[in-house]
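A quick write-up on the structure given underneath.
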Amino acid sequence: MKKIIFTDKAPAPIGPYSQAVVFGNTLYTSGQIALDPATGELVTGDIETETKQVMENMKAVLEAAGTTFENVIKSTIFISNMDDFAKINTVYGAYFNEKTAPARETVQVAKLPKNVNVEISMIVGL
C-alpha cells in the first residue's frame, strides 16, 4: 500500500501528483522547484537562492515523512543551464555529508515548470 505525504511547509501540488509517496520502505519525492510555500510565488534572484529554496522545500517534505537528507539514496537534478552546475552543486552539497552523499545525476533540460532554473527529486530509504 502506498502512503501519500503532504506538508504545508512545502509548495502544494499544482496538478495531479503528490509531494511524495511512501511505498514499502522507500520514499519517492516529486520534483521540487523554488516556490515559497507560504505565498506560492517563485523565489527568484540568483541560482544559489533558487537552489536553496528547492532544498528547503525538499527538507520540509523529508521531515513530513519522518526522515532526513542522511537517508537519501538517489537524487536527480534537472537544470536549465549546465553552466550553473558548480553553483547548484555547492548549495546542494551543503545539505549532505560528503562521505555518505547519495547517488545522483544532473541533467540539462530545455525547459522546466514555470521556467525555473533547477528542479530536484529524490528517492529515500526509510
Side-chain angles (χ1 to χ4, degrees):
M1 295 290 297
K2 68 180 182 179
K3 176 183 174 188
I4 303 303
I5 301 299
F6 176 81
T7 178
D8 59 6
K9 295 179 181 174
I14 54 175
Y17 63 91
S18 300
Q19 290 170 328
V21 175
V22 174
F23 190 82
N25 293 326
T26 306
L27 173 72
Y28 301 89
T29 74
S30 290
Q32 287 293 319
I33 61 175
L35 286 174
D36 181 325
T39 66
E41 298 296 320
L42 282 173
V43 173
T44 57
D46 57 31
I47 191 65
E48 293 92 345
T49 301
E50 192 173 330
T51 305
K52 181 170 176 41
Q53 184 63 53
V54 170
M55 294 302 287
E56 287 299 311
N57 291 345
M58 187 61 70
K59 181 179 177 182
V61 172
L62 296 179
E63 287 175 352
T67 192
T68 67
F69 287 111
E70 185 62 30
N71 293 315
V72 175
I73 298 166
K74 185 168 191 281
S75 296
T76 301
I77 303 176
F78 301 98
I79 61 178
S80 61
N81 184 348
M82 196 58 77
D83 292 340
D84 289 332
F85 175 80
K87 293 175 182 177
I88 293 167
N89 195 53
T90 298
V91 174
Y92 170 92
Y95 287 83
F96 293 98
N97 175 339
E98 194 169 320
K99 293 181 181 181
T100 60
R104 179 185 83 188
E105 67 259 327
T106 303
V107 181
Q108 180 174 314
V109 296
K111 193 171 184 179
L112 289 164
K114 296 189 175 272
N115 294 313
V116 298
N117 297 300
V118 60
E119 179 175 1
I120 299 174
S121 65
M122 296 180 177
I123 300 172
V124 187
L126 299 177

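What's counted below: heavy atoms across the whole structure, side chains too, no hydrogens, waters or symmetry copies. When a residue number appears, it is its place in the shown sequence, counting from 1. Computed from a prediction, not measured in an experiment: that's the story for all the values here.
Contact of the Asn89 side chain with the Arg104 side chain is registered, since non-hydrogen atoms from C-beta on lie closer than 4.5 Å. Contact check for Asn71 versus Leu126: no side-chain heavy atoms found under the 4.5 Å cut-off. The closest side-chain heavy-atom distance from Ile73 to Pro102 is not below 4.5 Å. Side-chain contact between Val54 and Val91: absent, with no pair of heavy atoms (C-beta onward) separated by less than 4.5 Å. Contact annotation: the side chain of Ile79 never approaches that of Val107 to less than 4.5 Å [non-hydrogen atoms, C-beta and beyond]. The shortest distance between side-chain heavy atoms of Tyr28 and Lys2 does not fall below 4.5 Å. By the 4.5 Å heavy-atom criterion applied to side chains, Gln32 and Ile120 are not counted as neighbours. Side chains of Leu35 and Leu42 form a contact here, defined as non-hydrogen atoms less than 4.5 Å apart.
Not a single donor-acceptor pair under 3.5 Å links the side chain of Gln53 to the backbone N or O of Ile33. Under a 3.5 Å cut-off, the side chain of Thr7 and the backbone N or O of Val61 do not form any donor-acceptor pair. The main-chain N or O of Pro11 is never found under 3.5 Å from a side-chain atom of Asn57 such that the two would form a donor-acceptor pair. Judged by distance alone, with hydrogens and angles left aside, the side-chain atoms of Thr76 form no donor-acceptor pair with the main-chain N or O of Ser121 at under 3.5 Å.
Counting all heavy atoms, side chain and backbone alike, Ile5 lies closest to Ala64 at CG2-CB, 3.8 Å. Taking each heavy atom of Glu50 and Val118 in turn, the nearest pair found is OE2-N, 3.3 Å. The shortest non-hydrogen separation linking Asp83 to Asn81 is N-OD1, 2.8 Å. Across all their heavy atoms, Thr68 and Val124 have their closest contact at O-CG1, 4.4 Å. In this structure, Ala10 and Gln19 approach most closely via the heavy-atom pair O-NE2, 3.3 Å. Closest approach of Phe78 to Val109, counting heavy atoms only: CD2-CG1, 3.9 Å.
Tracing side-chain contacts under 4.5 Å through hydrophobic residues (I, L, V, M, F, W, Y), one reaches Phe96 starting from Leu62; they form part of the same cluster.
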Self-check item: Verdict with reasoning, Gln108 to Phe85, per side-chain contact (heavy atoms from CB on, under 4.5 Å)
Solution: CA-CA 9 Å; Gln108 180 174 314; Phe85 175 80; over 6 Å; no
Quiz item: So Ile4 and Val21, side-chain contact (heavy atoms from CB on, under 4.5 Å) or not? Walk me through it.
Solution: CA-CA 5 Å; Ile4 303 303; Val21 175; 3.8 Å; yes
Exercise. Applying side-chain contact (heavy atoms from CB on, under 4.5 Å), run through Met58 and Tyr92 and close with a yes or a no.
Key: CA-CA 11 Å; Met58 187 61 70; Tyr92 170 92; over 6 Å; no
Practice problem: Begin with the C-alpha distance, continue with both residues' side-chain angles, and end with the deciding distance and a verdict on side chain to side chain donor-acceptor pair (under 3.5 Å) for Thr100 and Glu70. | Solution: CA-CA 7 Å; Thr100 60; Glu70 185 62 30; 3.0 Å; yes
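One finds the CD1 atom of Ile77 at 8.0 Å from the OG1 atom of Thr51 (value rounded to the nearest 0.5 Å). Rounding to the nearest 0.5 Å places CD of Glu41 at 8.5 Å from CG of Asp36. Remark: Ile88 CD1 to Met82 CE distance equals 8.5 Å, nearest 0.5 Å. Put simply, CD1 on Ile47 and NZ on Lys87 are 8.5 Å apart, with the number rounded to the nearest 0.5 Å.
With sequence neighbours excluded, no residue satisfies salt bridge (Lys or Arg N to Asp or Glu O under 4.0 Å) with Lys9.
Open room surrounds CZ on Phe23; 12 or fewer heavy atoms of other groups in view lie less than 6.0 Å from it. No more than 12 heavy-atom neighbours from other residues, nucleotides or ligands sit within 6.0 angstrom of NZ on Lys114.
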